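So the structure is just underneath, and the comments pick up after that.
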Amino acid sequence: MVSFSMLAIAANDKKKKAVVAPVAPARTVLANSNDTLSYAAGMAQTNGLIPYLTSQMKVDTTYMADFIKGFNEAMEKGDNPSYNAYAAGLQIADMVKNRMFPGIEKELEGTSNALVRSKFVEGFVAALKNDTSIYSQQTSASYFEARMKANHEAKQEKLYGANREAGKKFLAENAKKEGVVTTPSGLQYKILTKGTGPVPTASQEVKVKYEGKLLDGTVFDSSYKRSDPITKFRCNQVIKGWTEALTMMPVGSTWELYIPYELAYGEHDQGKIKPFSMLIFKVELVGIEGAEAEKPAEAAKAPVKAAPKAAPKKVAKKK
């Protein structure tokens, strides 16, 4: 059984309890055991309701009399289709006001556009009335998506475009260094320790130790700092740069990887890893789990070292 106490946010326990405006008690007569059970059941089911109303529904409990009025009205209406439609309108309006509209506003922060609430509501209602005098729903959706995409790209470029340029410059210079191999995809690696074991396939699970750094040297993740430094995963469950490198590495190898943003997280924000960030990893391939692995001789399709080229045009999707 789901109670309101289960739905209320745990964080509210640390906040001050809501002050509930007193409501004049009604005279209640409990004539028999069924009355008593029903009354107790109704009261018991409100456990956690006040925190839920304040945290999830943003109800100001000083207006509790109005809430009770609405509750009683809804209970009296029962399954009246007209009232149900009206109540649904109230729920959707609440969703638009508190989630949808603020969400779009946040996405538009830092762009050349802003939402006008009255026009937003007019467009919303026009679609419900099937009013196509200005836009069809399909045309409006296409326009909205195109504008949001353009705004997002412009915002990303303004905030993080420098990351892409810094990565390109680093990779161009790094490709000229001794021991650095550049693959056709743009991935670069340097062999620190040459392993002699088998080479994993993309679908196999491997055991690795690793450390990841940003271009400025900031370590954003390191298995070496954990109590158990060995991490397990399938080669095809990680970013493209890792998948490519792991499926060329014999067990026992330690490589340093220089991964262009297209083969890492692309334009996605990963917290410490900002959009268009080139990444540097030290990776030790400790072992392979599961089926028998390819032998080095059979898997040795080692990339040819190439002169530095522009980063690939195709942007890798986040894995």
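Please read these numbers as outputs of a predicted model, since none were measured by experiment.
In this structure, the side chains of Tyr189 and Thr182 stay at 4.5 Å or more apart for every pair of heavy atoms. Between Val181 and Lys190 there is no side-chain heavy-atom pair separated by less than 4.5 Å. At least one side-chain heavy atom of Lys225 sits under 4.5 Å from a side-chain heavy atom of Val219. Side-chain contact check for Thr196 versus Pro250: every heavy-atom pair is 4.5 Å or farther apart. Between Leu53 and Met64, the closest side-chain pair of non-hydrogen atoms falls below 4.5 Å. Inter-residue side-chain proximity for Pro260 and Arg164 is flagged as unmet; no heavy-atom pair is nearer than 4.5 Å. Looking at Leu215 and Ser277, their side chains never come closer than 4.5 Å, going by heavy atoms from C-beta outward.
No path of Ile, Leu, Val, Met, Phe, Trp and Tyr side chains, each step under 4.5 Å between heavy atoms, connects Tyr160 with Leu108, placing them in separate hydrophobic clusters. Hydrophobic clustering, with ILVMFWY side chains joined whenever heavy atoms are under 4.5 angstrom apart, groups Leu49 together with Met57. Hydrophobic clustering (side-chain heavy atoms under 4.5 Å, transitive across Ile, Leu, Val, Met, Phe, Trp, Tyr) keeps Val208 apart from Val286. Hydrophobic clustering (ILVMFWY, side-chain heavy atoms < 4.5 Å, transitive): Tyr135 and Phe144 are in distinct clusters. Taken together through direct or relayed side-chain contacts under 4.5 Å among Ile, Leu, Val, Met, Phe, Trp and Tyr, Val283 and Phe233 form part of one hydrophobic cluster.
A salt bridge is absent between Lys77 and Glu73: the closest approach of a Lys/Arg side-chain nitrogen to an acidic carboxylate oxygen does not fall below 4.0 angstrom. Using a 4.0 Å cut-off between charged side-chain N and carboxylate O, Asp221 and Arg226 make a salt bridge.
Interatomic distance, CE of Met249 versus OG1 of Thr193, reported as 9.0 Å (0.5 Å rounding). Atom CZ of Phe101 and atom CZ of Arg117 lie 5.0 Å apart (nearest 0.5 Å). Gln188 contributes atom CD, which lies 4.5 Å from atom CG of Leu171 (distance to the nearest 0.5 angstrom). The distance from atom NZ of Lys272 to atom OG1 of Thr218, rounded to the nearest 0.5 Å, is 9.0 Å. Here NZ of Lys282 is found 15.5 Å from CH2 of Trp255. Values are rounded to the nearest 0.5 Å. We find the CD1-CD1 distance between Ile259 and Ile280 to be 10.0 Å, quoted to the nearest 0.5 Å.
Heavy-atom contacts from other residues, nucleotides or ligands closer than 6.0 Å to OH of Tyr86 number 12 or fewer. Dense packing is recorded around NZ of Lys155, with more than 12 heavy atoms of other residues, nucleotides or ligands lying under 6.0 Å away. When the shell of 6.0 Å around NZ of Lys207 is examined, it contains more than 12 heavy atoms from other residues, nucleotides or ligands. Around atom CD of Glu122, more than 12 heavy atoms belonging to other residues, nucleotides or ligands sit under 6.0 Å away. A 6.0 Å sphere centred on OH of Tyr83 holds more than 12 heavy atoms belonging to other residues, nucleotides or ligands. Environment of CG in Leu128: crowded, with over 12 heavy atoms of neighbouring residues, nucleotides or ligands closer than 6.0 Å.
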Q: Give the intermediate values and the outcome of salt bridge (Lys or Arg N to Asp or Glu O under 4.0 Å) for residues Glu262 and Lys240.
A: CA-CA 8 Å; Glu262 298 97 330; Lys240 288 188 175 182; over 6 Å; no

Q: Take Tyr261 and Phe276, measure what ring pair (Phe, Tyr, Trp, His ring centres under 6.0 Å) needs, and give me the verdict at the end.
A: CA-CA 5 Å; Tyr261 80 92; Phe276 308 125; 5.3 Å; yes

Q | Stepwise side chain to side chain contact (heavy atoms under 4.5 Å, CB included) check, Asn113 with Arg147 | A | CA-CA 9 Å; Asn113 288 127; Arg147 286 301 310 156; 2.8 Å; yes

Q | From CA spacing to verdict: side chain to side chain contact (heavy atoms under 4.5 Å, CB included), Val121, Val125 | A | CA-CA 6 Å; Val121 172; Val125 173; 4.2 Å; yes

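Note on residues 87-111: pairs passing side-chain hydrogen bond (donor to acceptor under 3.5 Å, both in side chains), not counting sequence neighbours, are Asp94-Asn98.
Of all the heavy atoms in Asn236 and Thr243, the pair that sits closest is CA-OG1, 3.8 Å. Closest non-hydrogen pair, Glu267 versus Gln156, comes out as O-NE2, 2.9 Å. For the pair Thr231 and Ser223, the tightest heavy-atom approach, listed with the atom from each and the gap, is OG1-CB, 3.9 Å. Closest approach of Thr54 to Thr61, counting heavy atoms only: CG2-CG2, 3.6 Å. Of all heavy-atom pairs between Ile239 and Ala264, the closest is CG2-O, 3.6 Å. In terms of heavy-atom proximity, Thr201 sits nearest to Thr247 at C-CG2, 3.8 Å.
Checking side-chain atoms of Ser142 against main-chain N and O of Gln138 turns up a donor-acceptor pair under 3.5 Å. The backbone N or O of Arg234 lies less than 3.5 Å from a partner atom in the side chain of Gln237, making a donor-acceptor pair. Between the side chain of Ser38 and the backbone N or O of Asp35, no donor-acceptor pair lies under 3.5 Å. Side chain of Asn174 to backbone of Val180: no donor-acceptor contact under 3.5 angstrom is found. A donor-acceptor pair under 3.5 Å is formed between the side chain of Ser55 and the backbone N or O of Pro51. Under a 3.5 Å cut-off, the side chain of Lys194 and the backbone N or O of Ile191 do not form any donor-acceptor pair. Under a 3.5 Å cut-off, the side chain of Thr46 and the backbone N or O of Gly42 do not form any donor-acceptor pair. The backbone N or O of Glu284 sits nowhere less than 3.5 Å from a side-chain atom of Thr254 that would complete a donor-acceptor pair.
Ring pair Phe120/Phe124 is parallel by interplanar angle, where below 30° counts as parallel and above 60° as perpendicular. Note: Phe281 and Trp242 have perpendicular aromatic rings, judged against thresholds of 30 and 60 degrees for the angle between ring planes.
A donor and an acceptor atom, one from each side chain of Glu244 and Thr183, are located under 3.5 Å apart. Looking at Glu145 and Tyr143, their side chains never bring a donor and an acceptor atom within 3.5 Å of each other. For the residue pair Thr139/Ser136, the side-chain donor-acceptor check at 3.5 Å is satisfied.
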